[in-house]
Amino acid sequence: MALDSGHLRALRRLAPTEQDAAKVRLLRSYDPTADAHDLDVPDPYYGGMDGFEECLAMVETASTGLLAAVREQVEGRAA
C-alpha cells in the first residue's frame, strides 16, 4: 500500500516479480469518492493543522474501502 505515486513506483521496483508489483496499489484507490486522476495523499507537513486533518480524512475514508475489499476477498475464499 502506497500513499503517493512516488512511493508506488519505489515499492513496485522492490517487488520480486511483475505479479507482485501489480499488487501494490495506492491507498486512495479504495476510496470511491476520490478523483481517479489524483489518488495521492499529500504530504501534510507544510499545510498546517488543516493539512493534517485533510490527510487523516483521506486515509480514514480509503481505509474503510480497503477493509471492505479485504473482507470481500476473505469471504470469497471461505465460500
Side-chain angles (χ1 to χ4, degrees):
M1 209 50 56
L3 292 181
D4 66 35
S5 53
H7 295 145
L8 180 68
R9 285 189 301 276
L11 290 171
R12 285 183 173 168
R13 279 193 304 270
L14 293 171
T17 68
E18 290 289 324
Q19 291 172 319
D20 290 328
K23 294 176 188 177
V24 182
R25 293 180 55 178
L26 288 166
L27 177 62
R28 290 192 68 214
S29 68
Y30 290 97
D31 178 356
T33 66
D35 177 356
H37 301 290
D38 183 21
L39 295 176
D40 286 359
V41 175
D43 184 346
Y45 189 75
Y46 299 103
M49 186 56 80
D50 289 343
F52 283 93
E53 293 293 332
E54 179 183 1
C55 289
L56 177 60
M58 289 178 181
V59 168
E60 287 178 338
T61 302
S63 295
T64 300
L66 172 59
L67 180 58
V70 169
R71 281 185 174 145
E72 184 177 306
Q73 189 172 10
V74 168
E75 289 170 0
R77 287 184 183 166

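As a basis for the values below, the full set of heavy atoms in this structure was taken, side chains included, without hydrogen atoms, waters or symmetry mates. Quantities reported herein were computed from a predicted structural model and do not represent experimental measurements.
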With a cut-off of 3.5 Å and sequence neighbours excluded, list every side-chain donor-acceptor pair involving residues 46-72.
| residue | atom | partner | partner atom | Å |
| --- | --- | --- | --- | --- |
| Thr61 | OG1 | Ala57 | O | 2.9 |
| Ser63 | OG | Val59 | O | 2.7 |
| Thr64 | OG1 | Glu60 | O | 3.1 |

Going by the rule side-chain contact (heavy atoms from CB on, under 4.5 Å), which residues pair with Ala21 if we only count those two or more places apart in sequence or in a different chain?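 side-chain contact (heavy atoms from CB on, under 4.5 Å) list for Ala21, sorted by chain: Arg12, Ala15.
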Any pair with a residue in residues 35-49 that passes salt bridge (Lys or Arg N to Asp or Glu O under 4.0 Å), sequence neighbours left out, goes on the list, sorted by first then second residue, please.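 Residue pairs with at least one partner in residues 35-49: there are none.
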Just grab all the salt bridge (Lys or Arg N to Asp or Glu O under 4.0 Å) pairs involving residues 22-33, residues at least two apart or on different chains.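 The answer is Asp20-Lys23.
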Taking every non-hydrogen atom, the tightest pair across Leu3 and Leu27: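 Between these two residues, the closest heavy atoms are CD2-CD2, 3.7 Å.
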Indicate, with yes or no, if Tyr30 and Val24 share a hydrophobic cluster defined by side-chain heavy-atom contacts under 4.5 Å among Ile, Leu, Val, Met, Phe, Trp and Tyr.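 No.
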Joint hydrophobic cluster, Leu11 plus Leu26, side-chain heavy atoms closer than 4.5 Å: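 Yes, one cluster joins them.
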